[in-house]
**Student:** 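So that we are looking at the same thing, I have put the structure below in structure tokens.
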2 protein chains.
Amino acid sequence: MARQLARTAPLAAKWRKLAEGRCAEKGERLTPARLAVYAEMLARRRAVSAYELIGLLEKRQERKIAPLTVYRHLDFLIRTGLVHRLQSTQTYLPCDHPDQAHESQFLLCSSCGNVDEVESTGLEALLSRIADERGFRPDNAVVEVKGLCGACAVEEQD
Amino acid sequence: MARQLARTAPLAAKWRKLAEGRCAEKGERLTPARLAVYAEMLARRRAVSAYELIGLLEKRQERKIAPLTVYRHLDFLIRTGLVHRLQSTQTYLPCDHPDQAHESQFLLCSSCGNVDEVESTGLEALLSRIADERGFRPDNAVVEVKGLCGACAVEEQD
DNA sequence: GAACGATACGTTATATTGTATCCTTCGTTG
DNA sequence: CAACGAAGGATACAATATAACGTATCGTTC
Ligand SMILES: [Zn+2]
Ligand SMILES: [Zn+2]
Ligand SMILES: [Zn+2]
Ligand SMILES: [Zn+2]
């Protein structure tokens, strides 16, 4: 079917394997449409808004794509841990720590827009402790630090 | 003028004093419209969306209020530290630690919607350290933990 | 292979959240 | 009062996200 042969951003074997593995673990189906969205995000390697992503996909596939379609694919990618959603900017970013599913923390540069995904078990432990002290049962934690990345901080010193 | 005499939610002296103090510090003007929005939020003491707030104010004042108006008042309240914005739910909550301006962390109950504002200097220090290790210059940190509050966690044990 | 239920996809419309623009009003200051 | 800048109001619009409904595809069972 023509639809499924639509152009897709190139996707390194590494990422395809990762996606296949996650789907196998979680009993999810890895369809061409889902893979196309993932590939498009990986082609940028930066945080994109849902509507930016729609634009990119429409350009690549030369057809209209409804918002709902992309939101469903994003839901899937987030469910499987392949993509994170940045709450403070309402953007989406492919996971950069593909070894295992995880909680992440993010450093967002307000100058260049770069996002650094970090993992600190110490931080997670501390958050757990804080919640526990208050009888709160944590499910997941959003940690997003805004500021200047190293490169931008240096530039600013003029 | 009739407009300024419109009904306003009752506002305890404590909060009015706080608002006056913050405005004096920051050279901001505490107008009746601004105070009315603050009072409306304090009357709920829970996180509300901007449009919920518009509805509440329209009902109270018996007139139409444009979104931009409320967003400007929210900007003011956030600038002065009287209100926080919860990034993960796009809602707004009056500050519960009025002693000084601060970074906060939030525990959001996904069952009852209650939000607990906590302050942990340990957490702030750790976040600083994490950023520092990566050459990142932090400006502000969003920390929002979703889960079940004590009361809801107990209920769920049926 | 046919029937079936579950999951995924497509289409249209709509809800929710947030801004741009332009003009008016208010409060201060000279 | 005149001039100025901050605040407020009205209208329109942009950006983000979901609802509702039907169709297609996949995987299983018979
Ligand atoms: Zn990750
Ligand atoms: Zn930067
Ligand atoms: Zn606070
Ligand atoms: Zn609760």
Side-chain angles (χ1 to χ4, degrees), chain A residues 1-6 8 19-20 22-38 41 47-58 61-80 82-83 85-93, chain B residues 1-6 8 19 23-24 26-38 40-41 47-58 61-80 82-93 113:
Chain A
M1 175 187 303
R3 286 268 160 91
Q4 309 222 345
L5 297 177
T8 295
E20 288 168 353
R22 289 290 170 82
C23 287
E25 278 174 32
K26 309 218 175 195
E28 294 272 4
R29 280 151 53 179
L30 186 61
T31 68
R34 288 172 166 181
L35 209 49
V37 174
Y38 188 41
M41 295 182 77
V48 293
S49 78
Y51 279 74
E52 260 180 284
L53 190 52
I54 290 171
L56 293 167
L57 289 163
E58 286 182 335
Q61 304 186 9
E62 295 173 327
R63 66 189 182 104
K64 269 282 170 200
I65 295 183
L68 188 49
T69 301
V70 167
Y71 278 104
R72 284 196 283 223
H73 296 330
L74 286 170
D75 279 349
F76 159 80
L77 291 167
I78 292 167
R79 271 202 311 274
T80 48
L82 297 170
V83 159
R85 180 193 149 103
L86 301 174
Q87 305 293 334
S88 56
T89 51
Q90 295 164 212
T91 56
Y92 304 83
L93 182 71
Chain B
M1 177 187 304
R3 286 270 161 91
Q4 311 225 340
L5 296 177
T8 294
C23 287
K26 309 217 174 195
E28 295 272 4
R29 277 153 53 180
L30 186 62
T31 68
R34 289 172 166 181
L35 209 49
V37 174
Y38 188 40
E40 199 66 42
M41 296 181 76
V48 292
S49 77
Y51 279 72
E52 259 180 284
L53 190 52
I54 290 171
L56 293 168
L57 290 162
E58 285 181 336
Q61 302 186 11
E62 295 172 326
R63 66 188 181 105
K64 270 281 169 200
I65 294 184
L68 187 50
T69 301
V70 166
Y71 278 103
R72 284 196 285 225
H73 295 330
L74 285 171
D75 279 348
F76 159 80
L77 291 167
I78 291 167
R79 270 202 312 275
T80 49
L82 297 170
V83 160
H84 300 294
R85 176 180 204 265
L86 301 174
Q87 305 293 334
S88 55
T89 51
Q90 295 163 212
T91 56
Y92 305 83
L93 181 73

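So that the names make sense, note that chain A is the first sequence line, chain B the second, and so on, each numbered from 1. These numbers were taken from a predicted model, which means no experiment stands behind them.
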**Student:** Salt bridge or not between A:Arg79 and A:Glu28? Use side-chain N to carboxylate O under 4.0 Å.
**Tutor:** yes
**Student:** Determine the minimum heavy-atom distance between A:Ala19 and A:Leu35, stating which atoms define it.
**Tutor:** CB-CD1, 4.3 Å
**Student:** Given side chains that start at C-beta, do those of B:Ile54 and B:Pro67 come closer than 4.5 Å, heavy atoms only?
**Tutor:** yes
**Student:** Just how far, in rounded Å, is C1' of C:dA8 from CG of A:Leu30?
**Tutor:** 13 Å
**Student:** Given atom CD of A:Glu58 and atom C1' of C:dT11, what is their separation to the nearest angstrom?
**Tutor:** 14 Å
**Student:** Between D:dA14 atom P and A:Ile54 atom CD1, what is the distance in whole Å?
**Tutor:** 16 Å
**Student:** Just wondering, do B:Arg34 and B:Arg72 contact through their side chains at under 4.5 Å, heavy atoms?
**Tutor:** no
**Student:** What is the distance, to the nearest angstrom, from the CG atom on A:Leu74 to the P atom on C:dC9?
**Tutor:** 12 Å
**Student:** Would you name the heavy atoms of A:Ala36 and A:Leu57 that are closest together and state the gap between them?
**Tutor:** O-CD2, 4.0 Å
**Student:** Does the pair A:Glu58/A:Arg63 count as a salt bridge with the N-to-O cut at 4.0 Å?
**Tutor:** no
**Student:** How do A:Thr69 and B:Thr91 order along DNA chain C: which one's closest nucleotide is nearer the 5' end?
**Tutor:** A:Thr69
**Student:** Could you list, one pair per line, each protein nitrogen or oxygen that sits under 3.5 Å from a nitrogen or oxygen of nucleotides 15-19 of chain D, together with the distance?
**Tutor:**
residue	atom	partner	partner atom	Å
D:dT16	O3'	A:Gln90	NE2	3.1
D:dA17	OP1	A:Arg85	NH1	2.6
D:dA17	OP1	A:Arg85	NH2	3.1
D:dA17	OP2	A:Tyr71	OH	3.0
D:dA17	OP2	A:Tyr92	OH	3.1
D:dA17	O5'	A:Tyr71	OH	3.4
D:dA17	N7	A:Tyr51	OH	2.7

**Student:** Please enumerate all residues that pass salt bridge (Lys or Arg N to Asp or Glu O under 4.0 Å) together with A:Glu52, with sequence neighbours excluded.
**Tutor:** A:Arg46
**Student:** Please give, in whole Å, the distance from C:dT21 P to B:Arg72 CZ?
**Tutor:** 14 Å
**Student:** For nucleotides 4-7 of chain D, give me every protein contact, N/O to N/O, under 3.5 Å, one pair per line with atom names.
**Tutor:**
residue	atom	partner	partner atom	Å
D:dA7	OP1	B:Arg34	NH1	3.4
D:dA7	OP1	B:Arg34	NH2	3.4

**Student:** Pick out which of B:Leu56, B:Leu77, B:Leu82 makes a side chain to side chain contact (heavy atoms under 4.5 Å, CB included) with B:Met41.
**Tutor:** B:Leu77
